[in-house]
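For reference, the structure discussed in these notes is given below.
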Amino acid sequence: MQHNSLTPSSDYLSRLNSEQRRAIETTEGPLLILAGAGTGKTRVLTTRFAHILLTGKAYPSQILAVTFTNKAAKEMKERVGAILGEPVEGLWLGTFHAICARMLRRHAEYVQLTSGFNILDTDDQLRLLKQVMEPFQIDTKRWPPNQLLGIIQRWKDRGLTPDRVTPVEDTDFANGHALAIYRLYQERLQTLNACDFGDLMLHVVEILRTKPDVLAQYHRIFRYILVDEYQDTNTIQYLWLRLLAKRHDGISNIACVGDDDQSIYSWRGAEIENILRFEKDFPGAKVVRLEENYRSTDQILAAAAGLISHNEGRLGKTLRSGRKNAHGEKVQIIGVHDSDEEARVVGGAIERLQKSGHPLSEIAILMRAGFQTRPFEERLLMLGVPYRVVGGLRFYERAEIRDCLAYMRVLSQPSDDLAFERIINVPKRGIGAVALQKLHKEAQTLPCSLVDAVNIQLSTDSLKGKSKKALSHLMANFTQAKATLDTEGHVVASEQLLEESGYLQMWRDDRSVEAPGRLENIRELMRAIGDFATLEGFLEHVALVMDIDRTETDEKVNLMTLHGAKGLEFDTVFLPGWEEGVFPSQRSLDEGGNRALEEERRLAYVGLTRARQRAVILHAASRRIYANWQSSIPSRFIDEIPLEYIDMRGESVEKRRQASFSPSMFASGTFTSTRSNRSQPAYKRITDIKETTAHIPLGATVFHQKFGEGLVISSDGDRLEVNFNNVGIKRILANFVEIKS
DNA sequence: TGTACCAAGCTTTTT
DNA sequence: GCTTGGTACA
């Protein structure tokens with residue numbers, strides 16, 4: 001993606017194709033831009049934004065532009081500025097949550113909050129929910145709080161405040177107490193003057209629904225609305241957009257960009273129906289399809305198209321290659337024995353690419369789940385190939401960072417009970433559950449905040465000995481830091497607080513291997529605070545952005561999940577683990593059935609379309625899942641790619657298929673060639689396969705793909721002990737051997 | 001109040 | 001197999 005920073009404003013439209021131009025120049029009325037992978041979506045969105053400004057249709061402050069990620073918002077802002085030749089200010093451009101936070105701070109009093117409300121992170125949410133659940137005496141083994149939090153979030157995603165949850169929407173979770181807990185949880189949030197992420201949207205929608213004057217105010221402000229990644233919007237985001245877009249004068253200048261084939265976040269509440277329904281929701285809507293792909297070779301495009309055509313209920317797009325001479329290599333499919341071989345094959349291929357001058361940063365290994373990175377990391381480490389793991393635990397999710405932030409939150413707002421609770425005994429001060437219980441009681445009866453309760457109990461001498469000394473010390477730390485905050489600013493005050501409270505010393509004294517890294521993270525945090533004018537400004541940024549700016553452009557292979565790769569592109573993409581149960585994920589299928597299968601397929605489509613030049617799919621015949629080995633069947637997605645665009649390397653996949661479906665391996669004859677029998681349920685759950693394993697008698701001669709021939713010397717269900725001719729005695733699962741005699 | 005042990009659980013995660 | 005969280009004890 002190039003930044004045409006000096007493009008004269010007159011020809012910003014000149015290098016666009018006709019559909020792209022139409023998407024930009026159709027400024028009036030509702031518009032759906034269906035943008036397939038690699039069709040220049042971001043470019044269209046940013047040029048459209050600039051076009052509205054340059055033609056004088058609106059001022060920057062009259063355009064609402066919403067994205068899902070901070071990264072996308074930042075990129076859009078930069079690129080619009082580049083087209084205009086100067087930075088734009090006063091924009092309503094940001095993530096759904098950032099914009100809602102801004103709106104909510106203006107109108108907080110309508111939902112019984114003050115404009116200084118706190119935004120909770122997931123840790124706080126869970127701790128609060130656990131507290132709320134306590135009096136209900138719920139068996140948390142049977143009804144895990146994090147699952148209940150999930151249920152509450154799904155309710156919020158759908159715009160359901162406790163009053164709007166109907167019996168139909170209710171659940172028997174937690175012996176039917178879920179709704180009551182939800183109600184209490186919301187009440188607690190209110191007394192804490194706090195919001196969770198869902199509330200940011202929920203409260204604003206509530207306000208827009210019930211306060212016509214507020215809504216009218218925004219109708220006056222926003223002349224044009226731009227929405228990115230529309231396929232990922234959930235119900236509450238849709239309601240919010242619809243409220244803002246449906247003006248009383250009948251004008252709805254809303255343009256949504258999206259791709260139904262790339263909707264992969266239903267498990268976070270995204271409703272693919274929103275994009276499928278757009279034309280009904282906004283009568284008279286125009287639809288523009290961007291189908292010219294400037295990214296991938298014909299072979300990759302055709303393979304991906306063949307795959308996604310197995311989904312039903314699509315809006316339908318046909319990607320054409322917009323590049324010349326874009327034939328390229330076929331999609332490679334490589335069958336391997338196990339995950340170690342998979343890592344060896346990928347590692348070897350990367351080494352060869354590196355030797356031929358292929359930049360490492362243009363290579364990605366994309367997998368279904370985060371834990372799958374491990375064998376690849378080990379292999380690349382061994383080969384000395386630099387790599388980075390993208391995603392995983394983010395900066396502001398680290399325990400030490402959250403601790404520090406809790407200290408700063410209390411400094412900024414002593415009434416922040418959740419933050420105070422987090423650090424009251426970190427470092428260890430001898431404040432346990434008993435002391436905390438006492439404080440809670442005090443705080444509840446008055447009512448007041450925990451910090452107030454501490455001060456009261458200190459002055460009335462109801463605290464004794466160790467805890468009294470520890471808490472008065474802690475209170476003194478905060479008072480001192482507060483004074484420093486006023487005189488020397490938030491950076492010095494934060495550092496002082498962490499030092500004097502003994503928090504930093506705690507990590508210095510820690511002998512574990514992670515401790516120095518944690519101290520380094522805290523140093524980085526201190527540097528980040530300096531970028532903000534006030535402590536409050538910093539805390540707001542942290543709550544909404546959740547990640548620290550770190551531009552990584554060094555020469556490293558990228559390891560990430562398929563979800564993490566959305567919106568990115570690489571010359572070469574490796575797609576390991578294409579096996580039934582792994583991808584598509586068995587758990588998804590169990591929970592979501594055919595809908596989930598289609599989403600998994602879209603995920604596969606996203607994976608393939610990340611590749612510009614080369615895509616390599618791998619599948620292993622057996623894989624270790626947790627403790628035990630499981631034999632695997634190649635993913636149905638492999639079968640769904642038209643044969644003419646694939647190239648089976650290494651061992652023939654067909655041969656492998658025959659081998660894995662041979663009746664001698666599975667007692668039942670259910671398994672036949674997947675290609676010839678696609679309409680039949682050719683796939684069985686991996687767990688079922690285990691049950692159908694043939695009984696293998698003691699003394700039988702068996703054959704194992706890796707170890708060769710051997711004699712069965714003991715058996716316990718499907719666990720065998722086999723004395724192999726070449727490698728000696730091994731413990732092996734019956735699934736992996738074939739009976740010879 | 002802190003530690004030791006056991007059992008359960010284990011995708012994806014833009015904010 | 002490995003981590004995490006809750007409970008039982010010292």
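A, B, ... follow the sequence lines: proteins, then strands. Residue 1 opens every chain.
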Item to complete: Nearest whole angstrom, please: distance from the P of dT12(B) to the NE2 of H563(A).
Response: 9 Å
Discussion item. Reading DNA chain C from 5' to 3', where do the contacts with chain A start and stop? Cut-off is 4.0 Å to heavy atoms.
Written reply: dG1(C) to dG6(C)
Discussion item. Mind checking if S585(A) touches a base, just sugar-phosphate, or nothing, with heavy atoms under 4.0 Å?
Written reply: base
Practice prompt. Check the angle between the aromatic planes of W267(A) and H563(A) and answer parallel, tilted or perpendicular using the 30° and 60° thresholds.
Written response: perpendicular
Worksheet entry | M560(A) and its side-chain contact (heavy atoms from CB on, under 4.5 Å) partner, picked from L568(A), T373(A), I365(A) | L568(A)
Discussion item. Between R422(A) and D121(A), does any NZ, NE, NH1 or NH2 come within less than 4.0 Å of an OD or OE carboxylate oxygen?
Written reply: no
Every protein N/O within reach of nucleotides 5-7 of chain B N/O, cut-off under 3.5 Å:
none

Practice prompt. Could you tell me whether the side chain of M408(A) reaches within less than 4.5 Å of the side chain of L525(A), counting heavy atoms only?
Written response: yes
Discussion item. Under 4.0 Å between a side-chain nitrogen and a carboxylate oxygen: does that hold for D338(A) and R624(A)?
Written reply: no
Fill in: Any N70(A) side-chain N or O less than 4.0 Å from OP1/OP2 of dT14(B)
no
Worksheet entry | Side-chain donor-acceptor pair present, Q372(A), E342(A), cut-off under 3.5 Å | no
Item to complete: Have a look at L608(A) and tell me which of L562(A), V573(A), L307(A) forms a side-chain contact (heavy atoms from CB on, under 4.5 Å) with it.
Response: L307(A)
Item to complete: Anything under 30° is parallel, anything over 60° is perpendicular, the rest tilted; go ahead and classify Y182(A) against W155(A).
Response: parallel
Discussion item. Taking any heavy-atom pair under 4.0 Å as a contact, classify G198(A): base, sugar-phosphate, or nothing.
Written reply: nothing
Item to complete: Select base, sugar-phosphate, or nothing to describe what Y265(A) touches, counting heavy atoms under 4.0 Å on all strands.
Response: base
Worksheet entry | Test log, rule side chain to side chain donor-acceptor pair (under 3.5 Å), inputs Q630(A) and E579(A) | CA-CA 11 Å; Q630(A) 305 259 258; E579(A) 296 130 39; over 6 Å; no
Worksheet item: Where the side chain of N425(A) is concerned, which of dT1(B), dT13(B), dG2(B) is the nearest nucleotide?
Response: dG2(B)
Practice prompt. For nucleotides dT3(C) and dT14(B), find the distance between their P atoms and express it as a whole number of Å.
Written response: 23 Å
Discussion item. In this structure, how many angstroms lie between the C1' atom of dT14(B) and the CG atom of L562(A), rounded?
Written reply: 15 Å
Discussion item. Within the 4.0 Å heavy-atom criterion, would you say D232(A) contacts the bases, only the backbone, or no part of the nucleic acid?
Written reply: base
Worksheet entry | Donor + acceptor pair across side chains of R242(A), Y238(A) (<3.5 Å) | yes
Discussion item. At less than 3.5 Å, do the side-chain atoms of R268(A) and the base atoms of dT15(B) form a donor-acceptor pair?
Written reply: yes
Fill in: Donor + acceptor pair across side chains of Y387(A), E377(A) (<3.5 Å)
yes
Fill in: Closest non-hydrogen atom pair, L366(A) against R610(A)
CD1-CG, 3.8 Å
Practice prompt. Take the protein atom CD1 of I424(A) and the nucleotide atom P of dT1(B), then report the distance between them rounded to whole Å.
Written response: 11 Å
Discussion item. Could you check whether K156(A) pairs with D196(A) (Lys NZ or Arg NE/NH1/NH2 to Asp/Glu carboxylate O, under 4.0 Å)?
Written reply: yes
Fill in: Whole angstrom value for the distance that separates C1' of dT14(B) from CD of E229(A)
9 Å
Fill in: Whole-Å distance separating the CG atom of D121(A) from the C1' atom of dT15(B)
12 Å
Worksheet entry | Base of dT12(B) and ring of W267(A) stacked, centres under 5.5 Å, planes under 30° | yes
Item to complete: For E599(A), answer base if it contacts any base atom (sugar-phosphate contacts may also be present), sugar-phosphate if it contacts only those atoms, and nothing otherwise; contact means non-hydrogen atoms under 4.0 Å.
Response: nothing
Item to complete: Round to a whole Å and report the spacing from CZ of F96(A) to P of dT15(B).
Response: 13 Å
Worksheet item: Of Q147(A) and T561(A), whose nearest nucleotide on DNA chain B comes first from the 5' end?
Response: Q147(A)
Worksheet item: Rounded to the Å, how far apart are R394(A) CZ and dT12(B) P?
Response: 13 Å
Discussion item. Please give me every residue in residues 368-378 of chain A whose heavy atoms get under 4.0 Å of an atom in DNA chain B, ordered by residue number.
Written reply: R368(A), A369(A), G370(A)
Practice prompt. Calculate the interatomic distance between L120(A) atom CG and dT15(B) atom C1'; express it in whole Å.
Written response: 13 Å
Worksheet item: What nucleotide among dT12(B), dG2(B), dT1(B) has an atom nearest to a side-chain atom of A435(A)?
Response: dT1(B)
Fill in: 5'-most by nearest nucleotide on DNA chain B - P144(A) or R429(A)
R429(A)
